[in-house]
Amino acid sequence: MPFEFAAADAPSVPVYIIADGDPDGVLGGLPAPTRAWATANGFTGAIGQALTWADGDGAVAGALIGYGTPAARARGRFHLAAGAAKLPEGTYHLATDLPADVAEAEVLGWALMGYTFARYRDLAPRAVGLKAPAGVDADRILAMAQGEVLTRDLINTPAADMGPGDLEQAARDLAGAHSASIDVTVGEDLIAQNFPMIHAVGRAAETAPRLIDMRWGDAGPKLTLVGKGVCFDTGGLNLKPGSSMGLMKKDMGGSATVLGLAHMIMALNLPVQLRVLIPAVENSVAGNAFRPQDILTSRKGLTVEINNTDAEGRLVLADALTYADEDAPDLVISMATLTGAARVAVGPDIAPFYVTDDTMVAPLSGAAQAAADPVWQMPFHEPYEAMLDPGIADLDNAPKGGFAGSITAALFLRRFVGTDTRYAHFDIYGWQPAAAPARPKGGVGQGARAILTALPDLLNL
């Protein structure tokens with residue numbers, strides 16, 4: 001069941017948030033038996049600690065959650081969830097205030113800590129409810145949690161049940177929930193309507209490739225989100241080894257993330273004209289698969305020499321970005337699980353981003369901090385443009401040398417957006433490799449909450 005805040009009048013157990021060493025004196029203000037109980041159980045306020053005590057009837061009467069030191073908190077996020085996950089089932093309310101600058105993120109962590117992917121196994125989440133604390137926007141937190149759950153569920157679903165057609169259905173379901181319009185171009189119609197690279201990448205799969213186009217809102221600035229929807233990536237004829245193919249169900253993580261972000265925007269009724277474009281394909285192996293050294297002509301007219309069929313995400317995004325740009329949007333944002341080089345650079349926890357307008361950097365970086373959604377700016381480094389020149393076509397889809405892979409991929413995508421268009425690209429990972437507070441191992445959204453939080457500044461809303 002999706003998380004919902006408990007009713008304000010529901011019976012609930014007070015939770016006291018205790019920093020390591022109790023510098024604020026919260027524990028000191030509790031009754032002596034409670035303090036003695038905390039001492040007897042070794043409760044110090046460290047992150048991840050939780051302790052309850054009972055009333056005379058044996059029911060839980062109160063709880064302590066450790067909040068650590070500032071230095072310890074700087075080494076992670078969702079610290080409230082780290083302790084709350086250890087509480088017994090029940091309904092709780094916060095009896096102490098969270099710092100205002102992290103209250104929204106910490107309450108969101110509580111909302112997400114019970115997430116389970118239960119499509120294939122009965123995994124009922126633990127019912128550890130929370131009343132909405134004063135001072136936080138409960139509707140906003142719920143919208144973010146719901147969007148994140150949608151993203152996680154889509155990424156976690158294996159390709160047998162999340163092919164291009166299934167991804168289309170997920171987009172249709174979302175559009176229906178928010179009264180958005182949706183149009184889908186499928187198979188040979190991609191050729192007829194001039195999306196040649198989307199067709200080329202996906203034509204070898206059993207399920208036809210397609211371009212999903214969802215629109216919502218009729219007033220305000222135009223915001224277009226473009227998400228990579230490679231539902232499984234074998235590498236094509238440049239076949240991946242098995243060790244590299246194991247997580248390729250997540251190669252549609254960009255599309256999953258923009259759909260989650262779209263839900264947040266629509267649920268909060270932001271004053272924008274939202275468009276979501278998803279090129280949905282499977283990069284498969286068959287007799288009609290596109291080949292190394294093929295030269296493809298893109299929707300924009302630029303020619304691309306294929307030097308590695310495993311660099312397919314940028315190809316499908318290129319046609320979608322060209323199409324997005326034709327609508328003269330105020331801002332285009334692409335999100336894609338695009339390069340392993342990004343993971344080498346910043347690891348799995350940070351989403352690197354590129355922008356054509358430096359005024360976008362401060363809003364995104366500040367929003368990332370507030371939303372506990374880390375991102376980091378990377379450069380559109382002009383001197384590397386020469387690496388994209390294959391000599392016999394306009395662009396090389398897989399420059400040789402092994403250097404600056406994330407940057408050259410971003411530079412490739414930028415070629416398909418007009419020079420006057422404000423554009424941001426996020427090279428995400430979309431996967432939590434080990435369980436952490438509010439983030440079980442598996443699919444995860446990256447960058448969506450940072451973008452949502454930054455939108456008022458990015459679009460002057």
Side-chain angles (χ1 to χ4, degrees), residues 3 73-82 98-113 115 136-137 140-155 223 225 227 250 253-265 267-268 270 331 333-338 342-343 345-355 360-378 424-440 442-459:
F3 176 87
R73 292 195 294 274
R75 300 184 66 178
R77 46 188 166 137
F78 301 131
H79 309 299
L80 179 63
L98 287 160
D101 59 336
V102 297
E104 180 179 275
E106 293 289 15
V107 176
L108 175 67
W110 187 305
L112 291 173
M113 73 178 180
Y115 172 80
V136 302
D137 186 337
R140 178 180 169 84
I141 291 171
L142 287 176
M144 289 192 292
Q146 292 161 359
E148 174 67 14
V149 167
L150 173 61
T151 295
R152 292 181 183 185
D153 281 350
L154 293 174
I155 296 174
L223 169 65
L225 308 177
K250 78 172 184 67
S255 64
T257 303
V258 299
L259 287 174
L261 174 56
H263 169 79
M264 299 176 199
I265 290 169
L268 294 172
L270 296 189
L331 176 62
I333 300 174
S334 61
M335 306 193 81
T337 52
L338 204 62
R343 309 288 71 77
V346 298
D349 204 35
I350 301 171
F353 71 94
Y354 301 79
V355 293
M360 299 166 65
V361 176
L364 284 168
S365 298
Q369 181 72 22
D373 190 13
V375 302
W376 194 262
Q377 185 193 13
M378 295 278 279
H425 165 61
F426 286 74
D427 191 344
I428 67 173
Y429 188 49
W431 192 260
Q432 182 70 28
R439 290 159 291 153
V444 71
Q446 290 184 296
R449 296 193 309 277
I451 294 168
L452 180 75
T453 304
L455 280 180
D457 289 325
L458 296 178
L459 293 173

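Computed from a predicted model, the values in this text were never measured in an experiment. Throughout, numbering of the chain's residues begins at 1 and tracks the sequence.
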With side-chain contact (heavy atoms from CB on, under 4.5 Å) as the test, would you mind laying out the steps for Leu458 and Leu364 before giving the verdict? CA-CA 8 Å; Leu458 296 178; Leu364 284 168; 4.1 Å; yes
Quick one: do Leu270 and Leu459 satisfy side-chain contact (heavy atoms from CB on, under 4.5 Å)? Show the steps, please. CA-CA 11 Å; Leu270 296 189; Leu459 293 173; over 6 Å; no
Where do Leu268 and Arg140 land on the side-chain contact (heavy atoms from CB on, under 4.5 Å) test, with the steps shown first? CA-CA 7 Å; Leu268 294 172; Arg140 178 180 169 84; 4.2 Å; yes
Arg73/Val102 under side-chain contact (heavy atoms from CB on, under 4.5 Å): CA gap, chis, key distance, verdict: CA-CA 11 Å; Arg73 292 195 294 274; Val102 297; over 6 Å; no
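Using a 4.5 Å heavy-atom cutoff, the side chains of Arg449 and Leu108 are in contact. Put simply, the side chain of Phe3 does not reach to within 4.5 Å of the side chain of Leu112, judged on heavy atoms. Proximity of Leu452 to Ile265: side-chain heavy atoms (C-beta onward) are separated by under 4.5 Å at one or more points. Two residues are said to be in side-chain contact when any heavy atoms from C-beta on lie closer than 4.5 Å; Arg343 and Asp427 meet this criterion. The side-chain heavy atoms of Tyr429 and Lys250, taken from C-beta on, include a pair separated by under 4.5 Å. Side-chain contact between Ile451 and Phe353 is absent, with no heavy-atom pair separated by less than 4.5 Å. At least one side-chain heavy atom of Arg152 sits less than 4.5 Å from a side-chain heavy atom of Glu148. Side-chain contact between Thr453 and Asp373 is absent, with no heavy atoms from C-beta onward closer than 4.5 Å.
Closest approach of Met378 and Ala345 over heavy atoms only: CE-CB, 4.4 Å. Residues Gly447 and Val375 approach most closely at CA-CG1, 4.3 Å, considering heavy atoms. Between Pro352 and Val346, the closest heavy-atom pair is CD-CG2, 3.7 Å. Residues Ala81 and Met113 approach most closely at O-SD, 3.9 Å, considering heavy atoms. For the residue pair Ile428 and Ala351, the shortest heavy atom distance occurs at CG2-CB, 4.0 Å.
For Asp457, the side-chain contact (heavy atoms from CB on, under 4.5 Å) criterion is met by Pro363, not counting sequence neighbours. Partners of Ala448 by side-chain contact (heavy atoms from CB on, under 4.5 Å), not counting sequence neighbours, listed by chain and number: Thr257, Leu261, Met264.
When the shell of 6.0 Å around CD of Gln146 is examined, it contains more than 12 heavy atoms from other residues, nucleotides or ligands.
In this structure, the separation between NE2 on His425 and CE on Met335 is 9.5 Å, given to the nearest 0.5 Å.
Judged by distance alone, the side chain of Thr151 and the main-chain N or O of Ala256 form a donor-acceptor pair under 3.5 Å. A donor-acceptor contact shorter than 3.5 Å is absent between the side chain of Glu104 and the backbone of Ile141. A side-chain donor-acceptor contact under 3.5 Å links Arg439 to the backbone of Pro437. The backbone N or O of Pro348 sits less than 3.5 Å from a side-chain atom of Gln446, completing a donor-acceptor pair.
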